[in-house]
Protein chains: 2
Amino acid sequence: MPTLTSAGIEPLFRLLGRYMMLDESDRRALSTLETGPVCHAEARTDIAREGENPTVIRLLISGWACRYKDLPDGRRQIVGFFLPGDFCDLNIYILSELDHSIGALTAVRYFEIQPQQFQEVVDQRPHLLRALLWHEMVSAGIQREWLLSIGQRSPLERLAHLFVELYYRLKAVGLATGLSFDLPITQNHLAEANGLSLVHLNRTLQEMRREGLIELSDRQLRIGDLERLKRVAMFNNNYLHFNR
Amino acid sequence: MPTLTSAGIEPLFRLLGRYMMLDESDRRALSTLETGPVCHAEARTDIAREGENPTVIRLLISGWACRYKDLPDGRRQIVGFFLPGDFCDLNIYILSELDHSIGALTAVRYFEIQPQQFQEVVDQRPHLLRALLWHEMVSAGIQREWLLSIGQRSPLERLAHLFVELYYRLKAVGLATGLSFDLPITQNHLAEANGLSLVHLNRTLQEMRREGLIELSDRQLRIGDLERLKRVAMFNNNYLHFNR
DNA sequence: TCAGGTGATTCACCAAGGTTAGTGTCGCAG
DNA sequence: CTGCGACACTAACCTTGGTGAATCACCTGA
């Protein structure tokens with residue numbers, strides 16, 4: 001267990017710091033968000049369901065969660081991953097009803113932050129509000145990139161792209177060591193995120209292993225050659241907007 | 001030519017009015033955005049390219065445009081349609097570089113609004129800022145729904161869903177009459193938006209016609225039976241957040 | 001220790017959808 | 001009138017990726 005997964009506000013601080021300079025006082029301001037209760041959810045349970053009217057903002061501390069949408073007949077599409085440091089529901093000020101569900105993929109821990117408390121923090125520091133909006137805009141950019149992936153990239157390119165993206169996002173919150181990172185989700189989750197059947201996802205993983213693009217076992221993913229993987233994925237990191 | 005396509009701010013006003021009550025003074029405030037130059041773009045030209053750093057906010061008056069992303073080898077995915085009344089770049093306050101391109105699908109007219117001018121309007125009326133943020137959040141919701149469509153819906157369901165969505169969005173800006181609306185884009189555009197080959201898109205359209213779901217000719221789309229089309233598409237309008 | 005649940009993997013089969021190539025129509029510029 | 005470009009549509013072919021079913025390796029709780 002990497003100690004950083006239990007680091008509270010630390011991943012968020014790193015994440016935002018990747019975009020703009022933050023100082024000690026920013027860190028203290030963010031830390032006041034930690035005063036809410038720490039919540040837990042088991043793997044394979046819902047944190048929020050489509051149609052609900054959320055009243056709290058959730059900040060993921062450890063574990064992986066996802067946004068997903070499902071159809072009446074059971075088909076399900078994961079439309080985004082939440083990694084430690086990510087906010088789930090920054091938009092509760094604007095929209096009343098969730099148009100998607102949020103599910104825990106692994107056991108997760110998260111803070112529940114009251115809108116009022118949140119308001120106090122960002123009112124005092126427009127600086128931080130800006131950083132948080134940036135976080136939301138990046139999420140939208142990721143959505144667009146996923147649409148490009150599912151619509152145009154082949155399954156192999158698509159998976160390669162996802163792995164590179166996860167690598168950069170995890171690195172940004174201190175959860176990648178070298179070219180390896182923890183991939184605590186199942187192949188079924190990867191299939192649901194990529195619009196592939198489980199069988200074909202597995203085939204594609206085997207192919208990536210054969211090609212030496214990745215090693216994957218015991219929930220650890222190791223990237224063989226990052227530049228080659230990026231080339232295969234046609235990866236352009238501009239959509240992550242990691243510029244200061 | 002429907003007169004409404006030359007209605008300036010009117011489509012936007014209708015759009016936002018669908019979400020919250022707006023009065024005459026709101027209309028006047030929005031009208032000041034019209035003072036900028038009216039720009040034109042030909043069909044099949046780019047309005048903005050990925051990588052650029054936009055400095056104006058664009059408000060579409062007439063014609064259809066799209067957000068798209070492309071890959072180095074030429075594959076292209078349309079990730080969203082802009083209809084009259086839509087804003088293209090509300091996020092220029094946050095992100096410096098475009099991670100996608102904006103292209104005119106038909107001949108279009110749009111206002112270019114200076115950020116400063118925009119700022120003045122919303123500073124005076126937080127009410128309107130809220131409405132505009134709602135517009136952005138709905139765009140994000142549409143993105144997620146498209147991801148569900150491309151990932152899980154069959155081509156026929158996907159197209160059915162898109163047509164219902166376009167119907168509701170066009171109705172919201174007064175551009176649908178009865179169950180018909182102008183669909184001024186090519187089948188190639190529809191294919192690029194749905195992650196399908198042109199050939200298969202055409203096959204699917206034929207099937208929809210055979211089933212009596214739609215009539216389509218001369219760039220006019222008529223929905224045969226809206227409820228049936230929604231059922232086929234498994235359409236749930238919650239993601240458009242048309243609630244006051 | 002054993003049963004049941006979860007997850008990874010593989011096989012055989014086949015349908016959905018992509019590719020290539022072609023036809024026909026319309027509108028327009030020369 | 002002619003040639004060209006954009007667009008809609010179709011046919012033949014074949015690859016990609018989905019389906020259904022089975023096996024195996026773990027892990028956990030009774």
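The chains referred to below are lettered A, B, ... by the order of the sequence lines, with proteins before strands, and numbering in each begins at 1.
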Task: Ion pair check, A:Arg153 and A:Glu145, cut-off under 4.0 Å - done: yes
Task: Side-chain ion pair, A:Arg75 and A:Asp70, N-O less than 4.0 Å - done: no
Task: ring-ring contact (aromatic ring centres under 6.0 Å, His included) partners of residues 41-83 of chain A, not counting sequence neighbours, each pair once - done: A:Trp64-A:Phe81, A:Phe81-A:Trp146
Task: Where at least one partner belongs to residues 199-239 of chain A, residue pairs that pass ring-ring contact (aromatic ring centres under 6.0 Å, His included), sequence neighbours excluded - done: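 The answer is A:His161-A:Phe235, A:His161-A:Tyr239, A:Tyr168-A:Phe235, A:Phe235-A:Tyr239.
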Open item on the list: Let me confirm one number: the CG-CG distance from B:Leu71 to A:Leu148, rounded to the nearest 0.5 Å.
Closed with: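 Answer for the CG-CG pair, B:Leu71 versus A:Leu148, is 4.5 Å.
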Open item on the list: On DNA chain D, does the nearest nucleotide to B:Ile185 precede the nearest nucleotide to A:Leu198 from the 5' side, or the other way round? Give the residue.
Closed with: B:Ile185
Taking only N/O atoms, report every protein-nucleotides 24-30 of chain D pair under 3.5 Å with atom names and distance.
none

Task: Candidates B:Val38, B:Ile47, B:Leu59 - the one meeting side-chain contact (heavy atoms from CB on, under 4.5 Å) with B:Tyr110 - done: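 Result for side-chain contact (heavy atoms from CB on, under 4.5 Å) with B:Tyr110: B:Ile47.
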Open item on the list: Given 3.5 Å as the limit, does a donor-acceptor pair link the side chain of A:Arg219 with the main chain of A:Pro184, or not?
Closed with: yes
Can you name the side chain to side chain donor-acceptor pair (under 3.5 Å) partners of [X], sequence neighbours left out?
{"X": "A:Gln220", "value": "A:Asp182"}
{"X": "B:Asn53", "value": "none"}
{"X": "B:Thr186", "value": "B:His189"}

Task: Residues touching DNA chain D, which here means a heavy atom under 4.0 Å, drawn from residues 200-215 of chain A - done: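 Contacting residues: A:His200, A:Arg203.
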- [ ] Please report how far the helix from C:dT1-D:dA30 to C:dG30-D:dC1 bends, comparing the axis fitted to its first five pairs with the axis fitted to its last five, to the nearest 10 degrees.
- [x]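 Answer rounded to 10°: the end axes differ by 30°.
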Task: Stepwise salt bridge (charged side-chain N to carboxylate O under 4.0 Å, His left out) check, B:Glu207 with B:Arg203 - done: CA-CA 6 Å; B:Glu207 190 181 347; B:Arg203 277 197 279 250; over 6 Å; no
Taking distance alone, no hydrogens or angles, what donor-acceptor pairs closer than 3.5 Å link side-chain atoms of residues 136-143 of chain A to residues at least two apart or in another chain?
residue: A:Ser139; atom: OG; partner: A:His135; partner atom: O; Å: 3.2
residue: A:Gln143; atom: NE2; partner: A:Val79; partner atom: O; Å: 3.2

Open item on the list: Using a strict heavy-atom distance below 4.0 Å, which residues from residues 40-47 of chain B are in contact with DNA chain C?
Closed with: none
Open item on the list: Using heavy-atom distances to pick each residue's nearest nucleotide on DNA chain C, tell me which of B:Val199 and A:Gln187 is more 5'.
Closed with: A:Gln187
Open item on the list: One pair to check against salt bridge (charged side-chain N to carboxylate O under 4.0 Å, His left out): A:Glu50 and A:Lys69. What are the steps and the verdict?
Closed with: CA-CA 8 Å; A:Glu50 181 172 346; A:Lys69 297 192 66 133; 5.1 Å; no
Open item on the list: Among D:dC9, D:dC7, D:dT10, which nucleotide has an atom closest to any side-chain atom of B:Thr186?
Closed with: D:dC7
- [ ] List in chain and number order the residues that pass side-chain contact (heavy atoms from CB on, under 4.5 Å) with A:Glu227, two or more places apart in sequence or in another chain; answer none if no residue qualifies.
- [x] A:Asp225, A:Lys230, A:Arg231
Open item on the list: With a strict under 4.0 Å distance from non-hydrogen atoms of chain A, what nucleotide opens and what nucleotide closes the contacted stretch of DNA chain C, reading 5' to 3'?
Closed with: C:dT6 to C:dA12
